[in-house]
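These notes concern the structure reproduced below.
Chain identifiers are assigned alphabetically (A, B, ...) following the order of the sequence lines, protein sequences preceding nucleic acid strands; residue numbering begins at 1 within each chain.
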Amino acid sequence: MTEKQALARAFFSRETRLVARALLGKRLVRLEKGGSRLAGLITEIEAYVGSDDLGCHARAGRTARNASMWGPPGYAYVYFTYGMHWMLNIVTEQDGFPAAVLIRAIKPLEGLEVMQARRSGRPRHALTDGPAKLCQALNIDRRMDGYDICQTKASLFIENEPEIPETLVTKTPRVGLNHVPEPWKSIPWRYFVHPSKLLNPNEEEQP
DNA sequence: AGCACGATTAACT
DNA sequence: GTTAATCGTGCTC
């Protein structure tokens, strides 16, 4: 198997919607103590752009919670919500500008047994098909907030994969912003590709 | 110190 | 389709 290249900081320093679109199909990788490698291809992602974006946590200014989003690109912004769930974002654009992409779903390919153990034995299709689900499966919580996913020997990073053709990409309004005013509520900054459309030639669990 | 709420999920009718 | 779960966070007093 050829070694894939981890995405460098320059990838994330670009405009947030461009980064979100470009991350579709890329491989989110989690390395754990003990050597297990968990990974999947990104199938759903949203852009949150600046304090003018009233759907973005940065709308109320910089706080202890959202501080990571104001930092340099290529770092994780992980936050807690609904009293029980963690969400994984990757910070985008330049240092000082608050923006990030929320990873909402991946197609699980590596480390399925570990993910299943963390997800109460749920079937493969339900392991990582939601933003809190993938954090649970990949053991991501507040310890990963502010983590540099571009550093060498990172335990959380994103590997390059072939670009997804535009014809396979669906754009919709972002999910869960029901009390956010227009135009932010309906602006189509969610990017989605159906998992079955992603090429993965029978790739399975590590041998 | 108290309180309303949330970029969700799972279970239920 | 509806709703309970569950608590860190940010805001007000």
Gap between atom OG1 of A/T128 and atom CD of A/E44 - 0.5 Å precision: 11.0 Å
Heavy-atom contact window of chain A on DNA chain B, given 5' to 3' at under 4.0 Å: B/dG6 to B/dA11
Residue whose nearest DNA chain B nucleotide is more 5′ - A/V180 or A/Q136: A/V180
Within the 4.0 Å heavy-atom criterion, would you say [X] contacts the bases, only the backbone, or no part of the nucleic acid?
X      : answer
A/M84  : base
A/R119 : sugar-phosphate
A/G176 : sugar-phosphate
A/R190 : nothing
A/R174 : nothing

Residues which pass side-chain hydrogen bond (donor to acceptor under 3.5 Å, both in side chains) with A/T170, listed by chain and number, not counting sequence neighbours: none
For the student: nearest non-hydrogen atoms of A/G61 and A/N66, plus distance: O-ND2, 2.9 Å
Atom of A/M87, atom of A/A132 and distance for their closest heavy-atom approach: CE-CB, 4.0 Å
Verify same cluster id: A/L28, A/I164 (apolar side-chain graph, 4.5 Å): yes
Upstream residue (5' side of DNA chain C) when A/R142 and A/H85 are each assigned their closest nucleotide: A/H85
A/E159: which of A/R37, A/R30, A/K4 passes salt bridge (Lys or Arg N to Asp or Glu O under 4.0 Å): A/R37
Range-with-range stems for DNA chain C, at least three Watson-Crick or G-U pairs under 3.5 Å: B:1-6 with C:7-12, B:8-12 with C:1-5
Any pair counted as side chain to side chain donor-acceptor pair (under 3.5 Å), so long as it reaches residues 9-26 of chain A, sequence neighbours left out: A/R9-A/D148, A/E15-A/R17, A/T16-A/T92, A/T16-A/E93, A/R21-A/E166
Side chain to side chain donor-acceptor pair (under 3.5 Å) partners of residues 72-87 of chain A, not counting sequence neighbours, each pair once: A/H57-A/Y77
Chain A contact limits on DNA chain C, taken 5' to 3' with a cut-off of 4.0 angstrom to heavy atoms: C/dA5 to C/dC11
Between A/R190 and A/T172, a side-chain donor and acceptor under 3.5 Å: yes
A/R122-A/Q116 side chain donor-acceptor pair, cut-off 3.5 Å: no
Residues A/D53, A/R174: salt bridge by 4.0 Å N-O rule: yes
